Amino acid sequence: MSVKTRFAPSPTGYLHVGGARTALYSWLYAKKTNGRFVLRIEDTDRERSTQESIDVIMQGMSWLGLDFDEGPFYQTQRFERYGELIQSLLDQDKAYYCYCSRDELDALRKQQMEQKIKPRYDGRCRHRQQPREGIDPVVRFRNPEHGEVVFEDLIRGTIAVSNQELDDLIIARSDGTPTYNFTVVVDDMDMNITHVIRGDDHINNTPRQINILRALGAELPNYAHVPMILGSDGARLSKRHGAVSVLQYREQGYLPKALLNYLVRLGWSHGDQEVFSIEEMTELFELSNVNRAASTFNSEKLLWLNHHYIKHDDPEQLANQLFWHFQKNEVDIESGPPLVDVVKVLRERSKTLVEMMEMSLFFYADFESYDEKAVKKQFKPEALEVLQALLEQFSAVEAWEGESLHHVVTGLAESMQKKMGEIAQPLRVAIAGRAVSPPIDATLELLGRQKTLQRLERAIKFIEQKNL
RNA sequence: GUCCCCAUCGUCUAGUUGGUCCAGGACGUCGGCCUCUCACGCCGAUAACAGGGGUUCGAGUCCCCUUGGGGACGCCA
């Protein structure tokens with residue numbers, strides 16, 4: 001049978017990096033084996049599921065390029081099917097109605113905690129013959145009382161849990177709607193999922209689900225539980241650890257392939273290799289090489305990978321992605337150099353696209369003020385004659401291109417008997433507004449003659465006024 | 001508390017039938033070179049097998065215990 005994996009998020013929030021990683025692993029495994037990848041929205045919790053979350057999850061998947069072959073399926077559209085199977089279980093006495101009230105269950109749980117035993121349903125309605133008046137019952141699955149459930153996890157190896165640890169879980173709420181542990185099982189069965197790849201936090205659910213699967217007479221899928229991602233404080237990754245929403249990384253100027261590369265390498269490895277193209281990870285990915293231990297999210301390394309891809313990716317493609325950020329910030333790029341050229345001079349000094357955008361803003365719009373420190377250091381009285389000389393010589397330059405502009409600067413340094421830095425730095429502050437920019441000749445070329453001359457004049461006036 | 005899972009540098013990890021590992025790579029950090037700024041690049045340094053018992057000629061690699069961490073224990077998923 002050919003492989004089929006699925007990603008089954010519940011639409012109660014954004015797509016976070018942990019979810020994205022399990023999605024990636026499932027996607028990779030399907031791709032690698034020429035199988036199929038299914039997206040299923042687990043929205044049985046009507047209270048908390050929102051359309052907004054669905055949209056955001058889909059956007060995240062699409063931004064990452066994790067396309068699915070089937071779906072999205074919505075569990076809320078399959079209630080009829082779940083109802084059928086619950087009835088069938090009831091008919092076979094593999095499930096039963098439970099009339100316990102919430103208060104009763106709370107009291108039971110409290111009592112068990114006090115006795116320092118694992119809180120669980122004690123099965124008091126297991127053999128009840130008569131309904132109780134005034135209570136809408138839930139349906140509980142009749143879990144086997146003896147023996148143990150053993151399964152072979154593709155990442156962890158053998159896992160065994162005694163049935164005595166498992167209680168009779170609720171498969172239908174009192175309003176008749178099915179619950180998670182039941183719907184996953186039915187869907188995985190109906191959709192012929194062969195490999196269930198999911199977070200570690202589901203490991204305890206697996207034995208229960210296996211019991212239900214058996215009661216339903218279904219074949220068992222393979223299971224692979226990937227470890228959690230922790231924040232820098234060792235606790236489970238959450239909002240307070242910074243950007244955990246996938247889309248937030250887009251906002252912050254990360255490239256999808258950088259995030260993907262970081263995520264695939266977090267908890268999985270192929271020898272010493274650090275950089276993987278999508279093709280490479282698809283080819284090399286193995287569940288057996290997934291680490292068993294939880295790993296800590298390290299944004300420094302993600303940043304490094306992002307920079308790596310900014311340095312090495314196709315400039316045209318990067319320009320397109322950079323454009324997204326300019327648009328978002330409503331910056332008009334018509335009046336400045338082509339974005340591809342900006343990418344080429346800025347890629348080595350920008351770790352994110354946001355950084356790149358900020359550093360290139362001065363090509364497109366006049367800056368409001370000069371960087372204070374830069375003014376102090378570079379706009380000293382002696383800079384005046386340098387800038388005046390530059391203004392004069394730049395006006396006379398015939399071909400406005402890097403090489404000739406470079407000659408102007410070096411020539412001036414020679415004739416004025418100054419170091420390069422004494423010429424280039426004041427010039428840089430004059431045209432860029434701050435002491436940092438790409439090489440001065442490239443910057444001048446991209447900025448163009450008109451803007452360069454204007455800004456030199458502006459700087460000269462500024463220094464003159466400052467010295468009054 | 002009970003059950004399940006896990007344990008190599010600060011972080012991600014290599015280590016796949018125990019020996020060639022006084023433990024390798026990457027990020028970070030710290031030095032240095034390059035240099036018109038910031039970077040890039042290059043060179044070098046730093047730092048780990050949680051602890052204790054076994055098994056064995058030999059253990060990071062196998063077994064047990066301890067400790068530590070994570071997860072689960074919902075009419076959430």
Side-chain angles (χ1 to χ4, degrees), chain A residues 8-12 42-45 47-49 75 98 100 102 105-106 109 112-120 136-140 153 156-157 159-162 164-167 169-181 183-184 199-207 225 227-228 230 232 234-236 262 265-275 288-289 291-305 307 311 346-351 359 374 378 406 409-410 413 419-425 427-429 432 434-441 443:
Chain A
S10 67
T12 53
E42 309 221 322
D43 52 354
T44 52
D45 184 349
E47 302 278 306
R48 298 192 303 157
S49 299
Q75 293 191 319
C98 166
C100 296
R102 293 180 201 242
L105 295 175
D106 286 346
R109 190 171 303 123
Q112 286 166 328
M113 294 285 254
E114 276 166 11
Q115 286 172 22
K116 296 188 192 297
I117 58 173
K118 189 177 188 171
R120 62 229 238 234
D136 291 326
V138 298
V139 179
R140 285 187 186 271
D153 191 284
R156 319 256 160 175
I159 295 176
V161 176
S162 165
Q164 288 178 9
E165 294 297 330
L166 275 22
D167 60 1
L169 79 178
I170 292 171
I171 56 177
R173 303 182 178 93
S174 43
D175 64 1
T177 58
T179 61
Y180 165 75
N181 274 299
T183 56
V184 237
D200 212 336
D201 46 341
H202 287 292
I203 220 165
N204 290 294
N205 287 327
T206 307
H225 288 97
M228 303 271 89
L230 311 176
S232 46
R236 191 173 172 165
Y262 178 72
R265 194 61 188 64
L266 185 69
W268 172 82
S269 62
H270 182 258
D272 284 337
Q273 191 171 343
E274 296 288 348
V275 176
S288 57
N289 286 334
N291 210 135
R292 287 189 290 272
S295 34
T296 307
F297 194 87
N298 181 236
S299 34
E300 291 289 332
K301 191 160 184 179
L302 169 60
L303 200 56
W304 171 75
L305 268 169
H307 192 196
K311 277 182 297 188
L346 242 26
R347 66 199 321 202
E348 279 173 356
R349 56 207 96 223
S350 327
K351 293 188 173 182
M359 280 198 274
Q378 305 302 344
H406 185 72
V409 178
T410 50
K419 289 185 209 158
M420 264 298 270
E422 293 175 278
I423 308 292
Q425 281 308 86
L427 172 57
R428 176 168 275 125
V429 177
R434 52 180 169 182
V436 176
S437 90
I440 201 70
D441 42 3
T443 305

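Basis for what follows: all heavy atoms, side chains included, without hydrogens, waters or symmetry-related copies. So that the names make sense, note that chain A is the first sequence line, chain B the second, and so on, each numbered from 1. None of these values were measured; they are calculated from a predicted model.
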Point to revise | Presence of A/Thr296 side-chain N/O under 4.0 Å of B/C12 phosphate oxygens OP1/OP2 | key: yes
### Query
Are any of A/Thr179's side-chain N or O atoms less than 4.0 Å away from OP1 or OP2 of B/G74?
no
The nucleotide from B/C36, B/G28, B/G71 with an atom nearest the side chain of A/Asn204 is B/G71
Does the side chain of A/Lys118 get closer than 4.0 angstrom to OP1 or OP2 of B/C4 through an N or O atom? no
With hydrogens left out and only the distance checked, is there a donor-acceptor pair under 3.5 Å joining A/Asp272's side chain and the base of B/G24? yes
Hits for salt bridge (Lys or Arg N to Asp or Glu O under 4.0 Å) against A/Arg265, two or more places apart or cross-chain, chain-then-number order -> A/Glu274
Note: A/Thr44 and A/Tyr180 closest approach over all heavy atoms is OG1-N, 4.5 Å
Hey, does A/Pro227 reach any base, or is it just sugar-phosphate, or nothing, if we go heavy atoms under 4.0 Å?
nothing
* What nucleic acid atoms does A/His225 come within less than 4.0 Å of, heavy atoms only: base, sugar-phosphate, or nothing? -> nothing
Separation of B/G74 atom P from A/Arg109 atom CZ, nearest Å, is 5 Å
Taking only side-chain N and O atoms of A/Thr44, does any of them lie within less than 4.0 angstrom of OP1 or OP2 on B/A77? yes
Discussion item. Taking the basic N atoms (NZ, or NE/NH1/NH2) and the acidic carboxylate oxygens, is any pair closer than 4.0 Å for A/Arg156 and A/Asp200?
Written reply: yes
Can you check whether A/Ser269 has a side-chain N or O nearer than 4.0 Å to OP1 or OP2 of B/A14? yes
